[in-house]
Structure formats: C-alpha cells, structure tokens
Amino acid sequence: MRSEVSDPPADLTPSQAVNWFFFQAAKRLEIKEELQNLLTNPWRELAVEVPVRLDSGDLKVFKGYRVQHSGARGPYKGGLRYHPQAALDEVRALAALMTWKTAVVDVPFGGAKGGVQCNPAELSVDELNRLTRRYTLQISPLIGPTRDIPAPDMGTNSQTMAWMMDAYSQRYGYSPAVVTGKPIELGGSYGREAATGRGVVNCLGEWASLTSTPLEGKTLAVQGFGQVGSWAARLVGNLGCTVIAVSDVKGGILSRHGLNVNELLKYHSQSHTVVGFPGAEQITNDELLQLDCDILLPAAIEAVINPNNADRVKASLIVEAANHPVTPLADRVLQESGKTVIPDILANAGGVIVSYFEWAQNTQQFRWEEERVNKELSRVMSRTTQAAYQTAIKEDVSLREAAYLIGVSRVVQATELRGSF
Ligand code: NAD
C-alpha cells in the first residue's frame with residue numbers, strides 16, 4: 001500500500017501537512033501545476049482584532065481569523081474554533097480539510113474555517129457572548145447564508161452559534177441559515193449535536209462490514225470527551241465495541257473491563273472532566289494513545305500521533321474523529337506497520353453532512369424529524385465509506401489517499417467547469 005512518493009518531512013506546519021496529502025492525490029490524478037498552486041493556497045484570509053470588555057472592566061484584544069479555502073463547489077462551510085492555539089496556519093489547514101471533506105461526502109459546499117485565539121474555559125458566559133458578537137461583526141462582510149456558513153468546532157457549541165446568528169441577524173435581518181449547529185429552538189436540526197460522533201460510528205460499522213471485521217467485543221480508547229468523542233463513545237456500544245479508556249485535556253481513565261459510558265456522562269456533566277471517575281485507573285493522554293486496545297479514536301486536537309509515538313501505537317485501527325490527529329510521517333509509520341487509518345475527511349464528516357441538512361431545512365423553512373436526519377446521515381456515511389474503500393482497493397492505496405483522490409478530483413472538476421480562469 002506504500003505510495004511512490006518520498007517520506008514526508010517531520011517538521012511540516014499544519015497547512016503543509018494537509019497539503020502533503022493533497023499533493024499525493026494531485027500527483028496520481030496528474031493535476032496541472034497551476035491548479036495545484038490554486039488549491040494549496042486559500043482563496044481568502046481575514047485576520048481581525050476582537051476587542052472584548054472583560055467583566056473586570058479591562059479591555060482585552062483577541063486575534064480572530066476566517067479562512068476561505070475553496071468555494072468551487074458551493075458556499076464556504078466550516079467550523080469556528082475557540083482555542084489558545086487557534087493560529088492562522090492551523091485555521092488554514094482546517095479550512096483546506098473542509099474543502100476535501102465536503103467534496104468527498106458530496107455536499108454542495110466549499111471549505112472554510114474560523115478561529116479565535118482564546119481559552120473559553122477562562123471566560124465567563126457574558127464575556128464569551130461579547131467576544132462572539134464582536135468576532136461575528138468583524139467577519140460579517142464575508143459570511144452569509146449563500147456565502148460562508150460557520151458551525152461549532154472545538155471550544156464552541158450551539159450557544160455560540162445562537163449568539164452568532166443573533167449578531168448577524170441584527171445587522172442583516174433574520175438569517176437562521178447563516179450558521180449551523182444552532183439550538184433546536186432557533187432553527188437547529190434534530191440530530192446535529194450527535195452527528196459527528198454518530199457519523200464516526202456509522203463509518204466504523206460500514207468499514208467493518210466491507211472488510212468482514214467482527215466488532216463484537218473489540219476494545220476502544222477515545223481521546224477527547226467533548227461533542228465528538230462523547231457521542232462516539234455513547235454510540236459505539238451499538239456495534240458491540242467496549243470503551244475501555246477515555247481522556248480529556250486534564251488526563252485519562254482506564255477500566256480494562258469496560259467503562260460505563262452512561263455513568264461517565266453523568267459524572268462528566270457535574271465535574272467537567274473524566275478524571276476521577278470512580279472505579280477507573282488514572283492514565284495520561286500519552287498512555288491512552290499507546291494503550292493495548294483494538295481501536296483508537298483520537299477525538300481532540302491535531303498531531304497527537306506523530307513521529308515521536310507512532311511506532312508505539314498498538315491499536316490496529318485508528319479512526320480519525322478529530323481533524324488531522326495523525327501527521328503525514330506518522331501516517332506513513334502506521335501504514336508500514338500494517339495498521340488501518342480511517343481518515344478525518346471521511347470519518348468525521350457526519351457533522352458537515354447534518355449541517356448541510358440543517359441549512360437545507362432553514363432555507364426551505366421545513367423541519368425534518370430526527371429519524372429522517374439520522375437515516376440520511378447513515379446513508380451518506382455508508383455510501384462514502386464504500387466509495388473510499390472501493391477506490392482504495394482499485395488504486396492500491398490507503399483509505400486516506402482514496403478519500404483525497406475522490407475529494408480532490410471533484411473540486412478540480414468543479415473549478416474547471418466554472419471556467420473562471
Ligand atoms: P470539544 O471542544 O467539544 O471537545 C474537545 C475535547 O478534547 C475535550 O474533551 C477536551 O478536554 C479535549 N482536549 C482538548 N485539548 C486536549 C489535549 N491537549 N489532550 C487531550 N484532550 C484534549 O470539541 P469537539 O467539537 O468534540 O471537536 C473535537 C475534534 O473533532 C476537533 O479536532 C474538531 O476539529 C473535530 N471535529 C469536530 C466536529 C464537530 O461537529 N464538533 C466536526 C468534525 C470534526
């Protein structure tokens with residue numbers, strides 16, 4: 001399964017890492033160099049100051065970004081991240097991933113991402129409200145229901161989207177379709193909150209059935225117990241898997257006999273961490289990534305599996321619930337040791353799929369039942385997993401390369417058909 005390209009350098013920036021995967025596909029697809037240049041650089045980048053009056057009375061200025069990578073296939077689409085390390089290059093990488101992700105699952109959007117460099121855990125609800133409104137107004141010339149549609153990502157949630165929608169609507173008139181991932185009461189879609197985790201589980205189930213891999217009794221470790229990780233942990237039992245370890249930013253927990261995920265959810269809602277869950281052993285995030293288990297599900301931050309620890313990963317299957325948790329060089333190490341990686345642009349696409357359903361419901365002013373949302377999500381995840389798997393077999397490449405081949409060729413076709421250049 002090894003591709004012909006040389007080993008990737010170990011010190012790539014986040015956007016260079018995503019472009020590395022793009023170049024592998026571009027080479028195989030024989031894409032013209034001028035188009036490669038176009039598609040490895042964002043179409044538009046906006047950096048803004050976000051001044052916020054803190055509860056203390058002090059004025060603090062945060063850095064904010066919105067990067068629009070490609071709009072060839074439709075309005076720009078991508079989450080908004082609140083994180084101390086939400087730097088421009090990271091946001092650029094995440095925007096490019098959105099372009100390939102929306103294309104691989106074939107929803108009619110382009111790719112974008114936003115970020116504000118802040119630690120949401122250190123801000124009060126009122127401060128977060130003011131920060132979100134200021135950021136929304138700063139980027140408002142670029143966004144809109146048919147221009148660019150933000151959604152939640154790390155550190156943001158449905159409440160953040162409610163504030164964004166309200167701030168935008170005050171200036172431009174009532175516009176629920178300007179963001180997705182809203183609360184149900186404000187035009188959000190049933191099933192959106194669970195969608196990314198549910199999609200991860202749909203994808204894992206489909207992969208298992210395509211490869212005739214029994215999942216009953218398989219052990220699983222989940223890094224990150226936020227919106228994505230907690231829903232994946234909650235639903236993966238439906239496939240017969242046992243969650244033996246989970247972690248968050250404060251540390252991890254392990255129970256070899258399996259964690260009671262429903263009890264853990266109750267504990268987490270009160271203590272805001274998984275650490276200290278009664279009856280479980282304490283472990284570090286590093287130990288979790290190297291745990292003796294069947295399936296590893298990174299669902300937190302980027303580059304957690306890197307050249308320093310890739311050869312110590314014991315799980316034979318890594319499902320990328322987070323965005324780019326595996327660096328290109330680590331990906332090569334995992335491949336060479338015979339492990340399977342289900343890539344981010346396929347595995348975690350459930351969020352953007354249901355965001356598309358939410359946007360469609362908002363523009364049609366017609367609400368779907370949750371059953372319909374989940375059924376359609378499962379259908380798209382299965383169809384996409386099958387397509388990636390068949391391409392991987394046909395082209396003798398990894399699932400990541402296969403997903404990129406599908407995504408990149410769709411974006412190239414759309415760019416050429418538009419005939420703008
Ligand atoms: P979240 O903020 O709800 O949760 C993040 C979790 O990761 C938390 O449990 C946090 O404690 C943990 N975490 C943060 N830093 C960590 C660290 N250094 N080590 C270990 N754990 C750490 O975020 P989320 O929405 O669940 O997103 C998680 C990942 O999934 C991100 O990579 C995001 O880009 C990706 N993703 C999210 C969505 C979505 O719909 N929310 C969709 C696609 C991809």
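All ligand and atom numbering here is 1-based and tracks the order in the structure. No hydrogens, no waters, no symmetry mates; every other heavy atom, side chains included, goes into these values. This one's a predicted model, so the numbers in the text were calculated from it and none came from an experiment.
Taking the ring centre of Tyr190 as origin, the terminal cationic atom of Arg367 falls inside the region bounded by 6.0 Å and 45° from the ring axis.
Heavy-atom proximity to atom 29 (C) of ligand 1, evaluated over Ser247, Ala300, Gly199, Ala232, is greatest for Ala300. The nearest non-hydrogen atom to atom 10 (C) of ligand 1, considering only Thr196, Val249, Thr156, comes from Val249. When Ile345, Asn285, Val354 are checked for heavy-atom proximity to atom 20 (C) of ligand 1, Asn285 turns out nearest. Here the shortest heavy-atom distance to atom 6 (C) of ligand 1, taken over Gly350, Gly226, Pro298, belongs to Gly226. If you check each of His268, Met154, His83, Glu320 against atom 23 (O) of ligand 1, the one with the closest non-hydrogen atom is Met154.
Every atom of ligand 1 with a heavy atom of Arg192 under 4.0 Å away is listed here by number and element: 40 (O). When each atom of ligand 1 is checked for a heavy atom of Gln223 under 4.0 Å away, the hits are 19 (N), 20 (C). Atoms of ligand 1 found under 4.0 Å from any heavy atom of Asp153, numbered from 1 in the order shown, are 25 (O), 33 (C), 34 (O), 36 (N), 37 (C). Ligand-side atoms of ligand 1 in range of Arg81: 31 (C), 32 (O), 33 (C), 34 (O), range being under 4.0 angstrom from any heavy atom.
With 3.5 Å as the limit, one finds no donor-acceptor pair spanning the side chains of Thr213 and Lys218. No hydrogens or angles considered: a donor-acceptor pair under 3.5 Å links the side chains of Asn348 and Asn323. Residues Ser355 and Thr180 have side chains that bring a donor and an acceptor to within less than 3.5 angstrom of each other. Asp248 and Thr273 form a side-chain donor-acceptor contact under 3.5 Å, judged by distance and modelled atom types alone.
Enclosure of atom NZ in Lys314 by more than 12 non-hydrogen atoms of other residues, nucleotides or ligands within 6.0 angstrom is indicated. Tyr356 OH: 12 or fewer foreign heavy atoms inside a 6.0 Å radius.
A tilted orientation is assigned to the rings of Tyr404 and Trp100, their planes being inclined by 30° to 60°.
Taken to the nearest 0.5 Å, the CG atom of Asp58 stands 8.0 Å off from the CZ atom of Arg53.
Summary of contacts: the protein heavy atom closest to atom 18 (N) of ligand 1 is Ile301 CD1, 3.3 Å. Among all non-hydrogen protein atoms, the one lying nearest atom 35 (C) of ligand 1 is Asn323 ND2, 3.7 Å. In terms of protein heavy atoms, atom 3 (O) of ligand 1 is closest to Gln227 N, 2.9 Å. For atom 2 (O) of ligand 1, the nearest protein heavy atom (residue, atom name, distance) is Gly155 N, 3.1 Å. At the shortest separation from atom 24 (P) of ligand 1 among protein heavy atoms lies Val228 CG2, 3.9 Å. Atom 9 (O) of ligand 1 has Phe225 N, 2.9 Å as its closest protein atom, hydrogens excluded (heavy atom only).
Below 3.5 Å of separation, one finds no N or O of Ala299 facing any N or O of ligand 1. Considering backbone and side-chain atoms together, Lys101 places no N or O closer than 3.5 Å to any N or O of ligand 1. At under 3.5 Å, not a single nitrogen or oxygen of Lys113, backbone or side chain, sits near a nitrogen or oxygen of ligand 1. Taking any N or O of Gly351, backbone or side chain, none lies under 3.5 Å from an N or O belonging to ligand 1. For ligand 1, the polar-atom distance check finds no N/O of Gly224 at less than 3.5 Å from any of the ligand's N/O atoms.
The shortest distance between side-chain heavy atoms of Leu291 and Arg256 falls below 4.5 Å.
Residue contacts with ligand 1, taken as heavy atom pairs separated by less than 4.0 Å, involve Ala321 solely via the backbone atoms N, CA, C and O.
A centroid separation of less than 6.0 Å is found between the aromatic rings of Phe357 and Trp368. Within the 6.0 Å centre-distance limit, the rings of Trp359 and Phe109 are counted as a close aromatic pair.
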